[in-house]
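Since the model is a prediction, treat every value here as computed from it, not as a measurement.
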Amino acid sequence: MAVKTSAALDKRGLNDEQLRQIFRNMLLQRQLDNRGFQLNRQGKVPFALGSEGHEALQAGAAMAFERGKDILAPYYRDLGLCLGVGLTPYEIMLSLFARAADHNGGRQFPNHYSSKAAGILSFSSILAAHIPHAVGAAYAIKYRQETGRAVLCTCGEGTTSEGEWHESLNFAAVHKLPIVFLVENNLWAISTPVEKQMAQPEVWRRAAGYGIPGKRFEGFDPIETYATVKEALDRARSGGGPTLLEGMCYRFLAHSTDDNDMTYRTKDEVAEHRKSDPVPRFEARLVEAGVLSDADVAAMRKDVLHETNDATDRAEAMPFAPAEELYTHVYEGAWQPWQ
Amino acid sequence: MAVKTSAALDKRGLNDEQLRQIFRNMLLQRQLDNRGFQLNRQGKVPFALGSEGHEALQAGAAMAFERGKDILAPYYRDLGLCLGVGLTPYEIMLSLFARAADHNGGRQFPNHYSSKAAGILSFSSILAAHIPHAVGAAYAIKYRQETGRAVLCTCGEGTTSEGEWHESLNFAAVHKLPIVFLVENNLWAISTPVEKQMAQPEVWRRAAGYGIPGKRFEGFDPIETYATVKEALDRARSGGGPTLLEGMCYRFLAHSTDDNDMTYRTKDEVAEHRKSDPVPRFEARLVEAGVLSDADVAAMRKDVLHETNDATDRAEAMPFAPAEELYTHVYEGAWQPWQ
Amino acid sequence: MAVTSSETTASSQTMNNVEAVRATLYEAMKSDDRTIILGEDVGARGNVFLITKDFIDEFGPERVIDTPIAEASIVGIAVGMAMEGLRPIAEIQFADFIYPSFNQIVGEAAKTRYRSNGEYTCPMVIRTPYGGGVRGALSHSVSIEALFYHVPGLKIVAPAFPADVKGLLNAAIDDPDPVLFLEHKKTYRLIKGDVPKGHYTIPIGEANVVRPGTQLSVVSYGLYVHWALEATKSLEEEGISVEVIDLRSIRPMDKATILSSVEKTRKLLIIHEDNKFGGIGAEISAMVAEEALFHLDAPIRRLCGPDVPAMGYAQPLEEAFMSSPAQMADAMREMVRF
Amino acid sequence: MAVTSSETTASSQTMNNVEAVRATLYEAMKSDDRTIILGEDVGARGNVFLITKDFIDEFGPERVIDTPIAEASIVGIAVGMAMEGLRPIAEIQFADFIYPSFNQIVGEAAKTRYRSNGEYTCPMVIRTPYGGGVRGALSHSVSIEALFYHVPGLKIVAPAFPADVKGLLNAAIDDPDPVLFLEHKKTYRLIKGDVPKGHYTIPIGEANVVRPGTQLSVVSYGLYVHWALEATKSLEEEGISVEVIDLRSIRPMDKATILSSVEKTRKLLIIHEDNKFGGIGAEISAMVAEEALFHLDAPIRRLCGPDVPAMGYAQPLEEAFMSSPAQMADAMREMVRF
Ligand SMILES: Cc1ncc(C[n+]2csc(CCOP(=O)(O)OP(=O)(O)O)c2C)c(N)n1
Ligand SMILES: Cc1ncc(C[n+]2csc(CCOP(=O)(O)OP(=O)(O)O)c2C)c(N)n1
Ligand SMILES: [Mg+2]
Ligand SMILES: [Mg+2]
C-alpha cells in the first residue's frame with residue numbers, strides 16, 4: 001500500500017475547500033474515535049468501536065456523495081462516511097451515549113448510525129443484511145426514474161463471504177441498478193485474516209463474475225478514493241449500473257473495546273501499517289501543496305477537539321429514554337401486543 | 001452449441017466399452033423419463049420430472065466418477081448421473097412410485113435420489129442447500145487424508161444465485177477441498193431465462209473471483225464432458241483443490257409435469273435446440289466410428305425398454321410404507337416425540 | 001383482465017381462493033404504482049399457480065419482477081424498497097423455501113421500525129402458499145406459521161375463505177408494517193365463496209365465528225376450518241352444537257373472540273395441521289389457561305399434526321399426517337361428552 | 001492445557017459456565033479426533049469469550065476452523081461433515097446471527113435422518129451464546145429458543161449450572177442427532193459451581209428440581225433459574241415455599257417432572273426472558289392445561305419478556321425488558337396468595 005507523496009498534488013477535480021473538508025473529516029474521525037475509547041476506559045460507555053485507518057477512505061468517499069440526493073447504506077465502521085454526508089459529532093455522541101435523542105433512541109449499539117434526513121439507511125448488527133436493502137433502495141430510485149441519484153453501500157471485506165452479499169450484487173447487476181458497492185478491505189475480520197476468508201485476496205475480481213466493473217484502489221489516499229468513488233457513483237447516477245469497489249486500508253485499533261487484537265496479530269504488523277497512517281500523510285501532502293499551512297492545521301486540530309468536547313458534554317447531559325419507550329414503535333398505531 | 005461430428009472420434013481416453021456404457025445410460029435416461037411422464041398421464045403417479053437434454057452431460061460426468069470412492073451430491077435433475085454411479089432403474093422407479101423400498105421410504109418427492117451404498121448424499125427440495133453439505137463431505141475426505149477421493153456436486157444454473165452457493169464455493173476454495181462444482185446450465189430456471197438470473201451469462205467466469213479454475217464445456221457432447229469432469233476430479237483427488245465447471249445443455253421438456261413451458265418459451269426455441277439432441281447425435285458418432293453397429297443400437301434400445309418395463313412393473317407391485325412409518329426416524333433411539 | 005368467476009351478482013362474485021388472491025393483487029397493482037410484485041416465476045409464467053398470469057404484460061417487468069432464485073434477497077430487496085417508499089409484495093414460491101429468508105424477515109423486516117425508533121418503516125407483504133394435502137411431500141407441504149408467530153414486529157394472517165382472502169390481503173397491502181400472508185394451497189381451487197366487489201379490508205387481528213354453537217369451541221385456521229365445519233355438520237344430527245372460530249389472523253391474535261366463546265361453551269378444542277409441540281395451539285391454550293381457567297369444564301385439547309418433521313410423499317404417509325374431518329368429529333364428540 | 005478453577009477436590013472442581021464449556025470441548029477434542037470445531041474467530045482469538053483459546057495451537061487449524069463470515073455455510077458444512085462421519089461442533093458467534101443459518105438447521109439438519117428414511121444422519125452440535133443483561137442491545141441479546149423449539153428432528157438444551165453445562169454438552173456431542181446448545185452469556189462468568197471430574201453425561205430431556213417446595217411450581221431455564229432461586233430465598237422468610245424446576249432441555253421437554261410438581265403444588269408460574277407470545281411458556285402451559293387441568297388451584301401464569309422486538313442498548317431499555325428477582329418474587333407471592 002504505497003501512497004504517492006508528490007509535491008505536485010493531483011487534485012482530481014477537488015478544490016482546496018473540499019480538500020480541507022476531507023482533511024477536517026479525517027481529524028474529526030480520529031478525535032471522535034479516541035474519545036469513544038477514552039470514555040469506555042473511564043467507564044462512561046460500555047462499548048466503543050473505532051475506524052482508525054479508514055479515515056482517508058471514508059472522508060474521500062463521502063466527498064463523492066451528493067447530499068440530499070444519494071443514499072448511504074453504511075456499516076458500523078463508517079463514522080467518517082456518516083460525518084461526511086452530514087451527521088454531526090453531537091449525533092455521533094448521542095449514539096455512543098445511547099441517549100433518547102439519538103436517531104435510534106438509544107436502542108441500537110453505538111456506531112449503528114442512521115438518519116432519514118441525511119439519507120442514511122437504518123441497519124442492524126447482522127452483517128451483510130443491509131446489502132439487499134441498499135439494492136432495494138437503488139431499485140426504487142431506478143423505478144421512479146430519478147436519475148442523478150445513487151446508493152453507496154459499504155461493508156468490510158469479511159462481510160463479502162455472506163450469501164446475501166452475493167445475492168445482492170447479482171440482482172443489482174441484472175437490473176443495472178444505480179449503486180456502488182464499496183468494500184473497505186482492512187485485512188481483518190475481527191481475528192480472521194483475509195487469507196482465511198478467501199482463496200484469492202482481491203474482492204474486486206469478483207465483479208467480472210457478475211458482469212459489472214470492479215476496481216481496487218488505495219484507501220489510504222483520500223483523493224484517489226474520491227476520484228474512484230465519484231466515477232462509480234457518476235456511472236450509477238447516469239444509468240451505467242453498479243460497480244464493485246475495493247478500498248485497501250487497515251484497522252489500526254482492536255476490533256472494538258471488547259477485543260484484544262494482540263491475541264491474533266503482532267505489534268509489529270500494526271506498526272508497519274502505521275507507517276502509512278493516512279492522517280499525517282495527507283496533512284503533509286496538503287501542507288506541501290500549500291492547501292493548508294501548519295498554522296491552519298493546528299487551528300483545525302484545536303477546532304476539532306473543541307467540537308468533540310462540546311459534542312461529548314452536550315450528549316452526555318441528555319437523558320436516556322424512559323423505560324416506557326421499550327414499548328413504542330413495535331407497530332404503527334394502536335395495537336399494543338404486550339397488553 | 002455446435003457439436004463436433006467427425007468420423008475420427010477423439011475418445012479422450014475412453015475405451016469402446018465405456019463409450020457404449022455412456023450411450024446406454026443416455027438411452028436409459030430417456031426411456032425412464034418418458035416412462036415417468038407416461039405414468040403421470042395415466043394417473044399412476046402424481047408427479048414426474050425429466051432430464052431430457054441433460055443425458056450426455058450426465059452420462060459423461062458419471063463415467064468420470066469412481067464408484068466406491070467418490071461422493072455424488074446431486075440435484076433433482078440428475079437421473080443420468082445417479083444411474084451412472086450405480087442406481088438401478090428399479091431404484092429409480094421405486095422413487096417415482098414412492099414405495100416403501102425406496103431409499104427414502106417414499107417420503108421425499110421423486111427424483112430426490114440418495115443412496116449411502118452408491119455414495120449419493122441425501123438432499124432436500126430446497127435449492128442450493130445441498131452444496132454446503134458437499135463441501136463438508138469434501139472437508140471430511142481431506143481431513144482424513146483420503147487421497148484419491150473427491151466429491152462431485154451439481155446444480156442448475158438458476159441455483160447459482162443462492163447465497164449458499166457462494167458461501168460454499170468460497171469455503172471450498174479457501175481450504176482447497178477435493179470437490180468439483182458442476183453447473184448444468186440448461187438456460188432456464190423454470191420460466192426464468194438466464195438473462196434474468198445473471199447479468200453476464202457465463203457462470204464459470206465466477207471461478208476467478210474465488211481463486212479456483214473454471215471452465216465451460218459442451219454438455220451435449222458426452223466425451224468432452226467426460227474429459228473435462230475427469231480432469232477436474234483428478235485434480236481434486238490429488239490435492240489440487242476445487243474446480244467450477246459449467247456444462248451447457250438444454251431442458252427439452254417442461255420443468256416438470258406440473259409445468260407448461262409454452263407459457264414462457266416458444267415451440268421454435270425448443271425445436272431449435274432439439275436439432276442438437278445429444279442422443280441421436282452420439283448414436284450417429286458411435287455408429288460412424290464403428291463403436292456400435294445399427295443392430296447393436298437396436299438391441300440396446302430393446303434391452304433398455306425391457307429393463308424399464310421390468311423395473312416399472314416390479315416397483316409398481318411393491319407396497320407403500322404403512323402409516324406407522326410416519327413416526328420412524330425422527331430421532332435415533334427411544335424418544336418418541338409425538339407421544 | 002377478467003377474473004374468472006362462476007357466478008356474479010351486482011355486489012359480489014363467486015370465486016375460489018386463488019382467484020381472490022389474483023383479483024386482489026390485480027387491484028393493488030392497478031390502484032397504486034408503488035406496488036411491486038417480486039418473486040420466482042411471477043412474470044411470464046405468472047406464478048406456479050398462475051396467480052399473476054399476464055400481469056407482466058399489463059404492468060411491465062419493472063413491476064412484476066422475475067427474480068433470480070435467492071430468497072434472502074427477494075425479501076431483503078423488498079425491505080429496501082419499502083424503506084425507500086415502494087410497497088413491495090414479495091412472493092416465496094412455496095412456504096418451504098422461506099427458510100433462507102428467515103434472517104431478512106425476523107432480523108430485519110420485523111425490527112426496522114423498532115430499531116430506528118420509528119424513523120424507518122417496512123410496509124411490505126410476503127405472500128406464500130403453505131400446507132399439505134396436495135402430495136407435496138417434505139418440501140412442498142410445510143406449515144410455517146409457528147416459526148414466525150413468536151416474532152414481535154411481524155403480523156401473520158392465514159385466511160380460509162375467498163372473501164377473507166381479499167379483505168385481509170388488502171389490509172396487508174395497506175398495512176404500514178410487514179405482514180406474512182399465508183395461503184393454504186389445498187384451498188386454492190377447492191374453496192369457493194362470495195367475494196364483495198370493490199375495495200374493502202378486514203382488520204388484521206380479528207377472528208371470525210364461522211359457526212355458532214353452545215357445547216364446544218373449536219379454534220382453527222386455513223384448510224382445517226373447512227374440515228372442522230364439515231365435521232360439525234355430521235355432529236348436528238347427533239344433537240351436538242359446536243362453535244367454530246376461524247382465527248384468520250395469527251399475530252395479532254384475537255383473544256377476545258376466543259375467550260368469550262370459551263366462556264360460553266366452557267370447552268376448547270384447537271385444531272391445526274402444523275405440528276403440535278410449540279405450534280399456534282400452544283399459545284391459544286396458554287392464553288385461555290391464563291385468562292379463563294375457571295370457565296373450563298374440560299381440559300383443553302389440541303388436535304394437531306404429529307411431531308414428525310413432515311408429511312411424506314407416499315399417500316399413506318400424507319394421510320397419516322393430516323387430521324381427517326372424521327377424526328375431528330371424533331375429538332369434538334369426545335369433548336362434548338366429557 | 002489447564003482449566004482455570006478456583007477450587008478443586010478429588011472428584012470435582014469449581015468452575016463457571018464458560019470454563020465448563022471450555023473444559024468439555026477440550027475433552028471432546030482430546031478424546032475423539034472426529035470432533036471438529038468451526039466458527040468465526042474460534043482459532044487464534046479463541047472465540048470472543050475465549051472458550052477455545054489455544055485450541056488451535058494444540059489441535060491444529062484443520063480441527064479448529066476459523067470460518068469466513070457465513071453462517072448458512074458454517075452450519076451447512078457441518079451437516080456435510082456429519083453426514084460423512086465427522087462430529088462437528090459449529091459455533092454461531094452470537095445467537096442473533098443464527099438467522100442466516102435457519103434453512104440449514106430447520107430445513108436440513110433436522111430433517112436429514114427423516115427424509116433419508118434413516119440412511120443418513122446428522123450428529124452435530126450447534127453452540128451459541130444467547131440472552132440479555134449484558135448491554136448487548138438489539139443484536140447481541142436475543143433469545144432464540146422459541147424460533148426452533150417447534151422443529152421435530154432437532155434437540156435443544158439450555159443449561160444453567162456448570163455441572164449441567166458439562167453433562168449436557170457431553171450428551172449433545174455424543175448424540176446421534178443435531179442438538180442446538182444454548183449458553184446464556186450473562187451466566188458465563190457469573191455462575192460458578194462444582195463440576196464432577198471425568199466424562200459424564202446428563203440425559204437430554206430431563207428437567208431438574210433445583211429447589212423443592214410445596215405451594216407453587218416455578219419452571220424456568222437459563223439465567224432466570226438463578227434469579228428465580230434468588231427470589232424464592234427472599235420469600236422463605238415470609239413462609240412461602242416454592243418449588244423451582246430448571247428445565248435444562250427445551251426439546252424434548254420433561255413433561256413428567258413438570259406434571260408431578262404441579263400435581264403437588266397445584267399452581268404453576270413459568271418464567272422466561274424470551275418474549276411471551278409463542279414462547280416456551282406457551283407449550284408448558286398448554287401441556288399442563290391439557291394434562292393436569294383439574295389439579296390447578298389458580299390460573300397458570302407466565303412472567304416473560306414483553307412482546308417487543310428486543311431489549312434496547314440504553315440501560316433503562318434493557319432493565320425494563322428483563323424481569324428482576326424482585327418482580328419474580330412478587331409474582332410468586334401473588335400466586336401463592338391467590
Ligand atoms: C451475521 C453476522 N455474523 C457475525 C457477526 C460478528 N461480527 C461482527 S463484526 C465482524 C467482523 C467483520 O469483518 P469485516 O466485514 O471485515 O469488517 P471490519 O470490522 O473489518 O471493518 C464479525 C464477525 C455479525 N455481526 N453478524
Ligand atoms: C430454495 C428454493 N427456491 C425455489 C425453489 C423452486 N424451484 C424448484 S426448481 C427451480 C428452478 C431451478 O432452476 P435450475 O437451478 O436452473 O435447475 P433446472 O431445473 O433448470 O435443472 C425452482 C425455482 C426451490 N425448490 N428451492
Ligand atoms: Mg475487515
Ligand atoms: Mg436451469
Side-chain angles (χ1 to χ4, degrees), chain A residues 71 73 100 102-108 112 114-117 120-126 128-145 151 153 162-172 174-175 177 321 325-326 328-333 335-339, chain C residues 33-34 36 38 60-63 65-86 88 90 100-101 103-104 106-124 152-155 175-178 203-205 251-253 255:
Chain A
I71 291 172
D102 166 43
H103 283 276
N104 301 324
R107 292 172 175 210
Q108 288 235 60
H112 288 57
S114 79
S115 160
K116 200 150 197 176
I120 305 173
L121 290 186
S122 163
F123 63 95
S124 75
S125 303
I126 299 176
H130 68 300
I131 304 179
H133 307 171
V135 171
Y139 194 93
I141 289 175
K142 180 167 183 188
Y143 172 69
R144 292 186 302 235
Q145 303 182 317
V151 177
C153 175
E162 289 279 7
E164 294 185 8
W165 185 84
H166 165 71
E167 296 186 10
S168 299
L169 266 84
N170 190 43
F171 187 96
V174 168
H175 291 273
L177 298 183
E325 279 298 310
L326 182 69
T328 60
H329 303 303
V330 180
Y331 299 90
E332 189 180 279
W335 181 45
Q336 305 285 317
W338 46 91
Q339 283 169 353
Chain C
D33 66 7
R34 296 172 309 165
I36 304 276
L38 68 164
E62 301 79 20
R63 294 187 63 198
I65 308 172
D66 274 321
T67 63
I69 304 170
E71 290 75 13
S73 59
I74 291 173
V75 176
I77 288 165
V79 170
M81 289 173 168
M83 280 177 153
E84 229 346 82
L86 300 180
S101 62
N103 183 37
Q104 285 294 334
V106 174
E108 302 297 316
K111 294 189 175 68
T112 298
R113 180 188 291 276
Y114 195 77
R115 73 165 181 243
S116 68
N117 210 28
E119 238 183 61
Y120 282 95
T121 62
C122 196
M124 63 182 281
L154 201 62
K155 295 181 181 177
D175 201 278
D177 288 297
I204 296 177
R251 182 182 186 102
M253 192 179 279
K255 261 194 198 185

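Proximity to chain C is absent for every atom of A:Leu177, based on heavy atoms less than 4.5 angstrom apart. Using a 4.5 Å cut-off between heavy atoms, A:Ile71 touches chain C through its side chain atoms alone. For chain A, no part of C:Pro88 is nearby; none of its heavy atoms comes within less than 4.5 Å. Looking at C:Asp33, both its backbone and its side chain come within 4.5 Å of chain A, counting heavy atoms on both sides. Looking at A:Ala134, there are no atoms closer than 4.5 Å to chain C (heavy atoms on both sides), in backbone or side chain. Heavy-atom distances place the side chain of A:His175, and not its backbone, under 4.5 Å from chain C. Interface remark: C:Ala72 contributes backbone and side-chain atoms alike to the contact with chain A (heavy atom separation under 4.5 Å).
In terms of the side chain to side chain contact (heavy atoms under 4.5 Å, CB included) criterion, residue partners of C:Pro123 (sequence neighbours excluded) are, by chain and number, C:Ala82, C:Arg87, C:Thr121. For A:Asp102, there are no side chain to side chain donor-acceptor pair (under 3.5 Å) partners, not counting sequence neighbours.
For the atom pair A:Ile120 CD1 and C:Ser116 OG, the distance stands at 13.0 Å (nearest 0.5 Å). In this structure, CG on C:Leu154 lies 6.5 Å from OH on A:Tyr331, to the nearest 0.5 angstrom. Taking OG of C:Ser101 as the reference point, atom CD of A:Glu164 lies at 9.5 Å (rounded to 0.5 Å).
Taking each heavy atom of C:Gly107 and A:Ile126 in turn, the nearest pair found is CA-CD1, 4.4 Å. Between C:Met83 and A:Leu121, the closest heavy-atom pair is SD-CD2, 4.3 Å. Summarising the geometry of C:Tyr120 relative to A:Lys116, their closest heavy-atom pair is OH-CA, 3.4 Å, with the distance given to 0.1 Å. Here the closest heavy-atom approach between residue A:Glu167 and residue C:Ser73 is recorded as OE1-N, 2.8 Å.
Taking 4.5 Å as the limit, some side-chain heavy atom of A:Arg144 sits within range of a side-chain heavy atom of C:Leu86. You'll find the side chain of A:Phe171 reaches within 4.5 Å of the side chain of C:Ile65, heavy atoms only. Contact annotation: the side chain of C:Leu38 never approaches that of A:Tyr139 to less than 4.5 Å [non-hydrogen atoms, C-beta and beyond].
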What do the steps show when you test A:Glu325 against C:Asn117 for side-chain contact (heavy atoms from CB on, under 4.5 Å), and what is the final call?
CA-CA 9 Å; A:Glu325 279 298 310; C:Asn117 210 28; 4.3 Å; yes
Any chance you could lay out the side-chain contact (heavy atoms from CB on, under 4.5 Å) test for A:Gln108 and C:Arg115, step after step, and finish with the verdict?
CA-CA 6 Å; A:Gln108 288 235 60; C:Arg115 73 165 181 243; 3.1 Å; yes
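Looking only at atom types and distance, the side chain of C:Gln104 has a donor-acceptor partner in the side chain of A:His133 under 3.5 Å away. The closest side-chain donor-acceptor pair between C:Glu108 and A:Ser124 falls under 3.5 angstrom.
The one candidate from C:Met81, C:Glu84, C:Arg63 that meets the side-chain contact (heavy atoms from CB on, under 4.5 Å) condition with A:Tyr143 is C:Arg63.
Taking A:Ser115, A:Ser168, A:Gly106 one by one and counting their heavy-atom pairs under 4.5 Å with chain C, the maximum is reached by A:Ser115.
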